[in-house]
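Every chain is numbered from 1, with letters handed out A, B, ... down the list of sequences.
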Amino acid sequence: MKTFGGPVLFLDRSDINTDEIIPAKYLNEVTKEALGPHLLEDLKLPGFEPKAPSLGNCRVVATRANFGCGSSREHAPWALEVNGITVVIAESFARIFRQNMFNCGMMAIELPADDINGLFSACDPASTMCDVDFHEETLIFSWGKGKSKSVRFALNPFDAALVEAGGWVEFADARY
Amino acid sequence: MGKTITQKIFDTHVKDEPFPGTKVLSIDVVLCHEITTPIAIADLMARGKDRVFDASKIKAVIDHVTPPKDSKSATQAKMLRDWATRNNIVDFFDIGYNGVCHALFPEKGFIRPGYTVIMGDSHTCTHGAFGAFAAGVGTTDLEVGILKGVCAFRPPQTIRIDVAGKLAAGVFAKDVILEVIRTLTVNGATDRVIEFHGQVIDAMTMDERMTLCNMAVEAGATSGLCMPDAETVDYLWPFVCGQYKNDRAEALADFRKWHSDPDAVYDKRIAIDVTALEPVATVGYKPDQVKKLRELFDVRIDQVYIGSCTNGRLSDLRIAASIVKGTRLAKGVRGIVSPATPKIFEEAMLEGIIKTFMDAGYCVTNPTCGACLGMSNGVLAEGEVCASTTNRNFFGRMGKGGMVHLMSPASAAASGIAGKLADPREYL
């Protein structure tokens with residue numbers, strides 16, 4: 001199983017698409033590692049700096065609705081993965097992106113809109129950490145001086161099994 | 001209780017239900033291209049599992065960047081080519097025979113009603129036009145599909161759209177689907193399939209149905225589906241006539257078993273009357289941002305692009321050429337046409353369509369996806385604007401800093417003449 005949790009990158013916008021996560025011009029790469037420097041390069045979000053050094057520390061992305069819409073490219077989760085980001089928390093995901101995350105043994109966690117709104121209004125985007133308790137299905141956000149917030153999540157049992165197996169190839173190869 | 005076509009396909013293909021709410025389906029056709037397959041191939045090799053579940057059920061094409069634009073693209077093509085050779089994949093389409101996957105594979109008769117189809121490409125939903133469950137997947141799903149012939153899905157609910165009325169002159173399937181996406185929004189059909197019904201759909205050709213289903217994913221849908229009918233039989237006839245002993249009625253009866261039952265249960269039903277629908281185009285960076293072309297004044301364009309898996313088929317080129325004929329592209333506007341397959345290219349040549357475009361100042365390229373996703377053959381520069389028959393207008397899609405307005409081939413052709421976004425009805 002992969003490791004989950006760490007500093008959070010807040011992306012306060014809905015409908016962030018796969019072209020923004022990793023532009024198509026890098027799809028001629030044949031290794032995942034080569035995608036690393038280009039993560040979120042074309043993200044249209046005022047104030048966002050794709051090359052900011054702090055981005056490199058982030059391990060969790062928190063965002064709004066319909067994250068990962070557009071292309072089927074698994075290059076989007078890979079670009080996150082090679083940058084150490086193995087969890088995306090959102091109000092909702094595009095189907096293919098969500099499946100790609102779990103297929104890679106990573107997590108695409110859906111939270112109700114109220115929880116997402118609560119995180120965006122409470123957390124300090126510059127200092128928030130997220131601990132992920134996979135078995136207890138709990139996220140613990142902490143920021144500033146001792147401020148914290150705990151949020152429950154629920155994975156569907158298949159998705160949880162993929163995370164535990166390390167991905168769909170591992171799961172399918174053992175079973176079919 | 002009746003079943004939808006999707007439920008019927010799931011019931012006949014389910015191989016495993018590892019957990020409640022997840023069905024693992026056997027897959028009838030696994031489609032591959034050179035962008036999303038090589039990393040699956042490399043992973044299979046690294047795992048010592050460089051094999052395929054059934055070479056006859058795997059079809060592969062080099063289409064996204066072809067001929068290769070650089071060494072990296074050439075490497076991707078080579079990885080796919082070498083893999084196809086090693087694994088005896090007969091239906092592999094290399095340079096000279098290759099075309100845009102979602103136009104080429106149907107043209108070869110690979111997609112049939114009731115099939116399950118996956119591909120590492122989000123516009124795989126196109127093939128639902130044949131009454132198939134066709135879903136875009138990522139590279140890992142593709143890899144498992146290649147190795148095991150299965151894929152896992154949450155059984156999707158169905159949105160049924162009944163399209164009534166009659167399309168006015170100058171209004172096409174592309175306008176209908178843009179209107180549908182505007183109505184549903186970009187995630188209105190997530191985890192759902194869209195069924196298209198009604199007299200307008202019944203009257204559509206397979207080309208038009210493919211245009212419609214192609215963009216179902218832009219509303220978040222897993223697949224778009226049309227009910228297979230006599231039109232479907234006609235399209236597939238060269239490939240299925242032997243199977244049905246030259247009896248079209250038998251083929252039709254067999255195809256019709258995939259129709260959704262009249263008492264099937266739908267998540268949502270939407271009725272649209274298209275009689276008053278006008279030519280439309282997208283105006284922002286999301287495909288649900290749609291406006292009437294006659295309300296878009298003075299939006300200057302730099303490029304017209306006619307092609308792609310949405311609108312690069314022969315009927316699309318015919319419509320555009322009928323508007324382009326005898327005109328010239330406006331000063332300062334460049335035009336690019338990419339017929340979607342070699343067959344379409346050849347027929348367009350025989351019909352004089354290619355010459356019509358060239359006479360008007362268009363560049364006609366080989367069949368490829370390149371420009372649509374800003375990889376090759378028509379990439380935009382910063383600040384440039386394109387009137388495009390493709391399916392995505394995301395920020396940077398056709399080139400960093402470029403703006404893409406999605407529209408029908410007729411609207412794109414008219415815009416090329418005007419030098420700005422234009423209503424095609426003024427040019428018919």
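- Counting only residues at least two apart or on different chains, the side-chain hydrogen bond (donor to acceptor under 3.5 Å, both in side chains) pairs with a member in residues 25-51 of chain B are A:Glu170-B:Arg47, A:Asp173-B:Lys49, B:His13-B:Asp28, B:Asp28-B:Thr116, B:His33-B:Asp121, B:Asp43-B:Arg47, B:Asp50-B:Arg86, B:Asp50-B:Asn87.
- When only modelled atom types and interatomic distance are considered, B:Asn214 and B:Thr310 share a side-chain donor-acceptor pair under 3.5 Å.
- Within the 4.5 angstrom heavy-atom criterion, atoms from both the backbone and the side chain of A:Asp42 approach chain B.
- Counting heavy-atom pairs under 4.5 Å between each of A:Val169, A:Asp19, A:Leu43 and chain B puts A:Val169 at the top.
- With a 4.5 angstrom heavy-atom cutoff, A:Asn100 touches chain B only via side-chain atoms.
- Within a 6.0 Å sphere centred on NZ of B:Lys400, heavy atoms belonging to other residues, nucleotides or ligands number more than 12.
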inquiry  = As a quick check of understanding, evaluate side-chain hydrogen bond (donor to acceptor under 3.5 Å, both in side chains) for B:Thr368 and B:Asn377, giving each step before the final call.
reply    = CA-CA 8 Å; B:Thr368 177; B:Asn377 291 55; 5.2 Å; no
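- Contact of B:Ser73 with chain A is made through backbone and side chain together, with heavy-atom distances under 4.5 Å.
- Only the side chain of B:Arg392 comes within contact range of chain A, judged by heavy atoms closer than 4.5 Å.
- In this structure, chain A has heavy atoms under 4.5 Å from both the backbone and the side chain of B:Ala152.
- Within a 6.0 Å sphere centred on NZ of B:Lys69, other residues, nucleotides and ligands contribute more than 12 heavy atoms.
- Atom NZ of residue B:Lys23 and atom CZ of residue B:Phe10 lie 8.0 Å apart, to the nearest 0.5 angstrom.
- In terms of non-hydrogen atom pairs under 4.5 Å with chain A, the most contact-rich of B:Thr190, B:Val137, B:Val217, B:Leu142 is B:Val137.
- Proximity to chain B involves both the backbone and the side chain of A:Pro157, based on heavy atoms less than 4.5 angstrom apart.
- B:Asn391 does not touch chain A: none of its heavy atoms, backbone or side chain, sits under 4.5 Å away.
- In this structure, a donor-acceptor pair under 3.5 Å is present between the side chains of A:Asp15 and A:Asn66.
- If you tally non-hydrogen atom pairs under 4.5 Å between each of A:Ala172, A:Ser71, A:Ala94 and chain B, the highest count goes to A:Ser71.
- Put simply, CZ on B:Phe394 and CD on A:Glu20 are 8.0 Å apart, with the number rounded to the nearest 0.5 Å.
- Interface residue A:Phe171: only side-chain heavy atoms are found under 4.5 Å from chain B.
- The candidate from B:Leu147, B:Val379, B:Thr222, B:Leu373 with the greatest count of non-hydrogen atom pairs under 4.5 Å with chain A is B:Thr222.
- Using a 4.0 Å cut-off between charged nitrogen and carboxylate oxygen, B:Lys286 and B:Glu218 do not count as a salt-bridge pair.
- Side-chain atoms of B:Asn187 and A:Arg95 form no donor-acceptor pair, as typed in the model, at a separation below 3.5 Å.
- With chain B as the partner, the residue from A:Arg98, A:Glu41, A:Lys32 showing the most heavy-atom pairs under 4.5 Å is A:Arg98.
- Residue with the most contacts toward chain A among B:Asp70, B:Asp141, B:Val186: B:Asp141 (heavy-atom pairs, distance under 4.5 Å).
- Residue contact with chain B, scored on non-hydrogen atoms closer than 4.5 Å, involves the side chain of A:Ser92 exclusively.
- For A:Lys2, the NZ atom sits in a packed shell: over 12 heavy atoms of surrounding residues, nucleotides or ligands are nearer than 6.0 Å.
- Among A:Lys25, A:Lys44, A:His75, the residue making the largest number of heavy-atom pairs under 4.5 Å with chain B is A:Lys44.
- Heavy atoms closer than 4.5 Å to chain A are found nowhere in B:Val65, neither backbone nor side chain.
- In this structure, chain B has heavy atoms under 4.5 Å from both the backbone and the side chain of A:Leu27.
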